[in-house]
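Notes follow once the structure below has been shown.
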2 protein chains.
Amino acid sequence: MLPLSTKPFLLKHFNPASKIPKYLQIREAVRGLIEKGIVLEQETIPPERDLAEWFGVSRMTVRQAVDELVREGLLEKRLGDGTFVKDQKLSGRMHGAGSFSDEIALSGKRTHSKMLGQVVTRPTEQIAKKLEIEEGETSVIRIERIRYVNEYPISHQISYLPFNLCYPILSADLNVSSLYHHLAQSAGMVMKAGKETIQAIVADDVNAELLQIPVGQPCFLLCRTMYAEQVNRPVEYVETMIRGDKFMFVNQIDGKGIE
Amino acid sequence: MLPLSTKPFLLKHFNPASKIPKYLQIREAVRGLIEKGIVLEQETIPPERDLAEWFGVSRMTVRQAVDELVREGLLEKRLGDGTFVKDQKLSGRMHGAGSFSDEIALSGKRTHSKMLGQVVTRPTEQIAKKLEIEEGETSVIRIERIRYVNEYPISHQISYLPFNLCYPILSADLNVSSLYHHLAQSAGMVMKAGKETIQAIVADDVNAELLQIPVGQPCFLLCRTMYAEQVNRPVEYVETMIRGDKFMFVNQIDGKGIE
DNA sequence: AAGTGGTCTAGACCACCCA
DNA sequence: GGGTGGTCTAGACCACTTC
C-alpha cells in the first residue's frame, strides 16, 4: 500500500485553474514525489487510473506527464506491474576502436595554455544533456582556455565538468599542465572512452579575436564527450575551436571495410 | 503543396489489421518519407489531421508516432506552422584503425554521383609525387565528380589514378556505382590502406558554384592517398571538397592514447 | 480567417503480471 | 481474477502563425 502522504502532496502541487498545462503540473508534482523521497527508489508511484481520478483529469493526461519522466530516466514502467522509481544510474556503453586527439601531430612543438576563466556555474539545458545531468540538479565547472603552439594561438577550448565529480581540479594550475592529468591526480578520474564530432565552420568575432585571425576564416569545431573509468556517465564535455589555417587532421586508413 | 506521392507511400507501409501497433507503423512510414527523400529537409510533413484521416486513425495516434520522431531529432514542430524535417548534418566515421569515409553513415539516404569529366592526362608535378610516378613517365586518369545526397550536392571530388594500372575503369559507368568497386572488378585493384588529411577551408568560386553554396562557406578538404593490395605503390590520390554545412566527422574514442 | 500544433476528455479493449 | 500499463477513439477547445 502506498503511503497516505502521496495524494495530499500531489494535490498540493496542482491547480486546475492555472494557465500552466495540467500535464506539466502533474509531471512536476510526481517529480517532487521522487525528489522529496516520498516515493523511494524501487517503489511504485500510484497507478495511472488513481492519479487521473485524484487530479480529476483523463488517463491520457496522466500518461503524458508520466511518460516524460520515463523518458528522462527517472521512472520505469513495467507492463502489468506498475511504474517504478529507477535507481539513479544512467547507461552508457562505449565501444568501437580507434583513437585520435587534437594534441597529436604537434610533436616537437612548444605548447602551452592560457586560462581565460574557471568558474562554477549552472549548466544550460544543452550542457546538462551532454553531461547527463538532471536539469538544475547540480553545478558544472566551466573552464575556458586558449592553447598555443610555438607562441601563436591554435585553439579556443571550453570544457564543462560536473562539479560534484570533478571539484578537486579547481585547485589545479591548468596553465602548466593538462586537464586530464589533473583529473587523474586530484579527482581520481581516468578518461576511458568518448565520442567526438568534427565540423567545419567559420570564426565568429569572439573566436577571431581570441585566435588572432580574421572573422570568417575557416576553423574546425570539435565537440567531445568523455567518460571516465570510475563512473558510468560523462565527466567532460568540451567544445574546441581550432584554427583551420594552422591545423589539419591526419588519419591512417587501414585495411578492411573499404567498399 | 505536398507531392502527391506522400499519401500512397504512407498507406503502402500501413496495415491496420497487423498486430504491430498503428502508431509504430505510422512512425516508420513517416520515417521512410524522410529517409527516402520524399520529404526533403526544411519541408513539412503532412498535417496531423490529414495523416489521421489517411490512416483512418485518431489524431492522438498520429501524434504518438510523430512525437517520437521529434524526440529523435528527425522532425521539428513549429506551433501554428507545421512539422518540419530537420536539417541534419551527415556524418562520416573517422576510425584511426579502419575504414573512414565519406560514403558511410549515409544510410537511408538517396545518393548518386554526377560525372563532370573523365580524362587521361599528364600528371602535374604534385600529382606525380603523390602517386609516386616518375615525372613524365606515364599518364594519369583524372575523374571529377559531384556527389549528391537527397538531391543536394554534398561533395566535389577529383581522383587521380595511374593510367597503366587502372585503365580498365575507363569503361565503367561511375554515375551509378563506386570507383573502388569498379577498380576491384575491372582492374583487380583492392584498396588496402592509405592516409588522409582533413583541412578546414572556405569554398572558392568554382567549388561554391558546383556545390551550390556561397563563396566563403566553410568546407572540409579531404586529401587521400590509397594503396592497393596487389601493388606496392599508390593507386589513387583524391581530393574531396565537402560542404561543412551538411557534413560532420564522427569519431569514437577508445581507451588509451589519451594524454 | 484558415490552418496548424497543443492540450484534453471519457471512455474502450487488450496483454501482461501477480496472487 | 483483479490490477497494471499499452493502445486507441472521436471528438473538443485553445494558442499560435500565416495570409
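The model shown is predicted, which means the values in this text are computed figures rather than measured ones.
Qualifying side-chain contact (heavy atoms from CB on, under 4.5 Å) partners for P218(B), counting only residues two or more places apart in sequence or in other chains: A200(A), V202(A). Looking at residues two or more places apart in sequence or on another chain, you find no ring pair (Phe, Tyr, Trp, His ring centres under 6.0 Å) involving Y160(A). Applying the side chain to side chain donor-acceptor pair (under 3.5 Å) criterion to N207(A), with sequence neighbours excluded, gives H156(A), D204(A).
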List, with names and distances, any nitrogen or oxygen atoms from the protein found under 3.5 Å away from nitrogen or oxygen atoms belonging to nucleotides 6-11 of chain C.
from	atom 1	to	atom 2	distance (Å)
dG6(C)	OP2	R63(B)	NH1	3.0
dG6(C)	OP2	R63(B)	NH2	3.4
dG6(C)	OP2	K77(B)	NZ	3.1
dG6(C)	N7	R59(B)	NH2	2.9
dG6(C)	O6	R59(B)	NH1	3.1
dT7(C)	OP1	Y23(A)	OH	2.8
dT7(C)	OP2	Y23(A)	OH	3.3
dC8(C)	OP1	K22(A)	N	2.5
dC8(C)	OP2	K22(A)	N	3.4
dC8(C)	OP2	Y23(A)	N	3.1
dT9(C)	OP1	K22(A)	NZ	3.2
dT9(C)	OP2	S58(A)	N	2.8
dT9(C)	OP2	S58(A)	OG	3.4
dT9(C)	OP2	T61(A)	OG1	2.6

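In this structure, I45(B) places its CD1 atom 18 Å from P of dG3(C), rounding to the nearest Å. Atom CZ in F84(A) sits roughly 11 Å away from atom C1' in dG5(D) (whole-Å rounding). Between the CD atom of E76(B) and the P atom of dT17(D) there is a distance of 13 Å, rounded to whole Å. Here dA15(D) presents its P atom at 19 Å from CG of D81(B), a figure rounded to the nearest Å.
Taking the centre of each ring, F249(B) and F220(B) come in below the 6.0 Å mark.
Pairs engaging residues 13-24 of chain B under the salt bridge (charged side-chain N to carboxylate O under 4.0 Å, His left out) rule: none recorded [sequence neighbours left out]. The ring pair (Phe, Tyr, Trp, His ring centres under 6.0 Å) pairs that include a residue from residues 67-89 of chain B number zero, where partners must be two or more places apart or lie in different chains.
An OP1 or OP2 oxygen of dG5(C) is reached within less than 4.0 angstrom by a side-chain nitrogen or oxygen of T83(B).
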